[in-house]
Enquirer: 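A single structure is presented below for examination.
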Protein chains: 2
Amino acid sequence: MELEKITKVESRASRRYEDACGAAHALDLVGERWALLVIRELMLGPKRFSDLRADLPGISANVLTQRLEGLEEAGVLVRRKLAPPASTQVYELTPWGYEAEPIFQALGRWAARSPRHDPSLPLSDVSLLLSFRTMADPVRMRGVKMRIGLRLRRGGYCVRVGGGSLDVSRDSLEDVDLVIAGAPPAIAAAVYGGVPLAQLETEGALAIEGEHGLAERFIGLFALPPKVGD
Amino acid sequence: MELEKITKVESRASRRYEDACGAAHALDLVGERWALLVIRELMLGPKRFSDLRADLPGISANVLTQRLEGLEEAGVLVRRKLAPPASTQVYELTPWGYEAEPIFQALGRWAARSPRHDPSLPLSDVSLLLSFRTMADPVRMRGVKMRIGLRLRRGGYCVRVGGGSLDVSRDSLEDVDLVIAGAPPAIAAAVYGGVPLAQLETEGALAIEGEHGLAERFIGLFALPPKVGD
DNA sequence: CGGCATCCGGGAAGATACTG
DNA sequence: CAGTATCTTCCCGGATGCCG
């Protein structure tokens, strides 16, 4: 057991980049496969093991366990036991963990220009909401004030636009001007793919509860960068 | 041979995150081990295979070959043959590849707060220069105008401060106000570690050609974020 | 069922030696 | 100098099973 631990530590050490560069150290911490996506899924609040598994298509249970251990050891997240009677264990980012969001924004903005980016793949609730924070255009938000509710697979979120910025929270859908209900890929198709709302509604992929004009204005707040070569 | 190709393609596909999230796609492109560090080393201009190998402590030749192939296929870099009589082959980022710099800035800023960050590890020329671009404080640069030359192991660089921003280029050391010569870790110790210039000079780790006061002012332009817990 | 340990097969990374 | 070939080690992914 002790020997096992030692060899484990040694192998970990030998697999780190021996590099003082901050980016290299970041990759030592979160560069393993799935690590950043686990953090992404926790960016809007704590989740349980099984929620993480369900929201990360393709991760296996043992890898998720390993990543959670490593990220906890690195100080990126903590395990927390909810007060009874819930008593379930959740994983929650530390304040420093939450500060990783610019990493996702930089990665996302850069990859959005990739010729190979395939928007038809599955998209998690959190990914969609984070993309709003990343892709909202400050110029287009100037003078706009609205509260949009999103009813996604795993719950409700509220997007508040005002004061030239955009705020997102996992929230009930009280006091919103409009609710958009649907799966994340459908909403992404409307927001980023230019697919008309009417078409998505007749297909049953999406439902709008409120004024359509407001939904159109909401969609107009976001802009993808042009693909490489354009 | 054909079978080999097919299995290779299949394995590649199965190892991608099937996720429309931009960050996930970025990791499909540059998430493999060493890939981002290869890009980092090319951020300030093209390099040869052996230079990359020398500047990436610990990468092996076959992995470097694979990463260069993959990054070329992804459109992040191109192989270019220099005109005769040089005739050596170099690897150069595409314009889109150069746009990856915010990724390094986000990673670096975040990891700089890590309790485990060890600044005494080796540091490449490019890492040091990129850290200047990342960590220069716009407030402190206000009204400052200077041209600092750096003579590092692998050549000369010029850091131009002016108009509230900082510019870096691989360049000769003509027309600079000051030259700092030394190994990147020593310069980092002065800039980020608070080690006095005089001490580094007497140790022979660093040499200043010009006014010391100017060097001190240059060093004062940079600030690391506080560590987690401070 | 949620969380985790264990075993196994395949494939990626690492080290070293070798070649045009 | 710029890689290729080969071998070993280790990580990832899948399946199974344990336990509260």
Side-chain angles (χ1 to χ4, degrees), chain A residues 1 4-19 27-28 30-38 46-73 77-82 84-92, chain B residues 3-18 27-28 30-38 46-72 77 79-82 84-92 154:
Chain A
M1 178 58 190
E4 206 177 286
K5 203 180 205 175
I6 290 169
T7 54
K8 197 174 180 185
V9 167
E10 274 176 1
S11 81
R12 278 211 153 176
S14 77
R15 224 173 166 82
R16 285 192 312 193
Y17 305 109
E18 298 291 330
D19 193 320
L27 294 172
D28 283 336
V30 299
E32 288 170 306
R33 193 162 163 75
W34 293 107
L36 272 172
L37 298 192
V38 169
K47 283 190 180 181
R48 296 184 299 178
F49 188 92
S50 49
D51 291 328
L52 288 168
R53 247 199 115 174
D55 293 333
L56 291 171
I59 197 173
S60 62
N62 53 7
V63 171
L64 179 54
T65 301
Q66 287 173 241
R67 287 307 97 88
L68 290 171
E69 280 171 1
L71 293 172
E72 181 178 22
E73 200 190 338
L77 58 80
V78 292
R79 313 158 67 116
R80 202 155 56 79
K81 207 161 189 91
L82 293 183
S87 285
T88 58
Q89 188 168 239
V90 294
Y91 298 87
E92 179 171 29
Chain B
L3 179 64
E4 205 178 288
K5 202 180 202 174
I6 290 169
T7 53
K8 197 175 180 184
V9 167
E10 274 176 1
S11 80
R12 278 213 150 173
S14 76
R15 224 174 166 82
R16 285 191 309 190
Y17 305 109
E18 298 291 330
L27 294 172
D28 283 337
V30 299
E32 289 170 305
R33 194 161 161 74
W34 292 109
L36 273 171
L37 298 191
V38 169
K47 284 189 180 182
R48 296 183 298 180
F49 188 93
S50 49
D51 291 328
L52 287 169
R53 249 198 112 175
D55 293 333
L56 290 170
I59 198 172
S60 63
N62 52 9
V63 171
L64 180 54
T65 301
Q66 288 173 243
R67 288 307 96 89
L68 289 170
E69 281 170 359
L71 293 171
E72 181 178 23
L77 58 80
R79 313 159 66 113
R80 202 155 55 81
K81 210 166 186 84
L82 291 183
S87 284
T88 59
Q89 188 169 242
V90 295
Y91 297 87
E92 179 171 28
R154 200 165 294 282

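Letters A, B, ... are given to chains in the order of the sequence lines, protein chains preceding strands, and every chain is numbered from 1.
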Enquirer: Determine whether A/Leu37 and A/Ile59 make a side-chain contact, defined as any pair of heavy atoms from C-beta on separated by less than 4.5 Å.
Expert: no

Enquirer: Check B/Leu36 against B/Val30 and note the closest heavy-atom contact, atom names and distance.
Expert: CG-O, 3.7 Å

Enquirer: Side-chain contact, heavy-atom cut-off 4.5 Å: B/Glu69 with B/Thr65?
Expert: yes

Enquirer: Tell me: CZ of A/Arg16 to P of D/dC10, nearest whole Å?
Expert: 16 Å

Enquirer: In whole angstrom, give the distance that lies between atom CG of A/Leu64 and atom C1' of C/dT6.
Expert: 17 Å

Enquirer: Report yes if the side chains of B/Asp28 and B/Tyr17 come closer than 4.5 Å at any heavy-atom pair, otherwise no.
Expert: yes

Enquirer: Taking the six-membered ring for Trp, are B/Tyr91 and B/Phe49 parallel (under 30°), tilted (30 to 60°) or perpendicular (over 60°)?
Expert: tilted

Enquirer: Are OP1 or OP2 of C/dA12 and a side-chain N or O of A/Arg33 less than 4.0 angstrom apart?
Expert: no

Enquirer: Atom CD of A/Gln66 and atom C1' of C/dA5: how far apart are they, to the nearest Å?
Expert: 11 Å

Enquirer: Taking C-beta and beyond as the side chain, do A/Leu27 and A/Asp19 meet within less than 4.5 Å on heavy atoms?
Expert: no

Enquirer: Just how far, in rounded Å, is C1' of C/dA15 from CG of B/Leu56?
Expert: 17 Å

Enquirer: Closer to the 5' end of DNA chain C via nearest nucleotide, is it B/Val63 or A/Val90?
Expert: A/Val90

Enquirer: What does the inter-axis angle of the helix from C/dC1-D/dG20 to C/dG20-D/dC1 come out as, five pairs per end, nearest 10 degrees?
Expert: 30°

Enquirer: Return no unless some side-chain N or O of B/Arg15 is found under 4.0 Å from OP1 or OP2 of C/dG10.
Expert: no

Enquirer: Once you round it to whole Å, what is the distance between P of C/dA12 and CG of B/Asp28?
Expert: 14 Å

Enquirer: Generate the contact string for nucleotides 1-7 of chain D. Rules: B means base contact, S means sugar-phosphate contact only, - means no protein heavy atom under 4.0 Å.
Expert: SSBBBB-

Enquirer: Does any non-hydrogen side-chain atom of A/Arg15 lie less than 4.5 Å from one of B/Arg33?
Expert: yes

Enquirer: With sequence neighbours left out, what residues match B/Arg154 under side chain to side chain contact (heavy atoms under 4.5 Å, CB included)?
Expert: B/Asp51, B/Ala54, B/Asp55, B/Asp125

Enquirer: Work out which heavy atom in A/Leu52 is nearest to a heavy atom in A/Leu68; give both atom names and the distance.
Expert: CD1-CD2, 4.1 Å

Enquirer: Tell me whether the side-chain N/O atoms of A/Trp34 come closer than 4.0 Å to OP1 or OP2 in D/dG13.
Expert: yes

Enquirer: Check the distance between C/dG3's P and A/Glu72's CD and give it to me in whole angstrom.
Expert: 13 Å

Enquirer: Tell me the interatomic distance from B/Leu37, atom CG, to C/dG14, atom C1', rounded to whole angstroms.
Expert: 16 Å

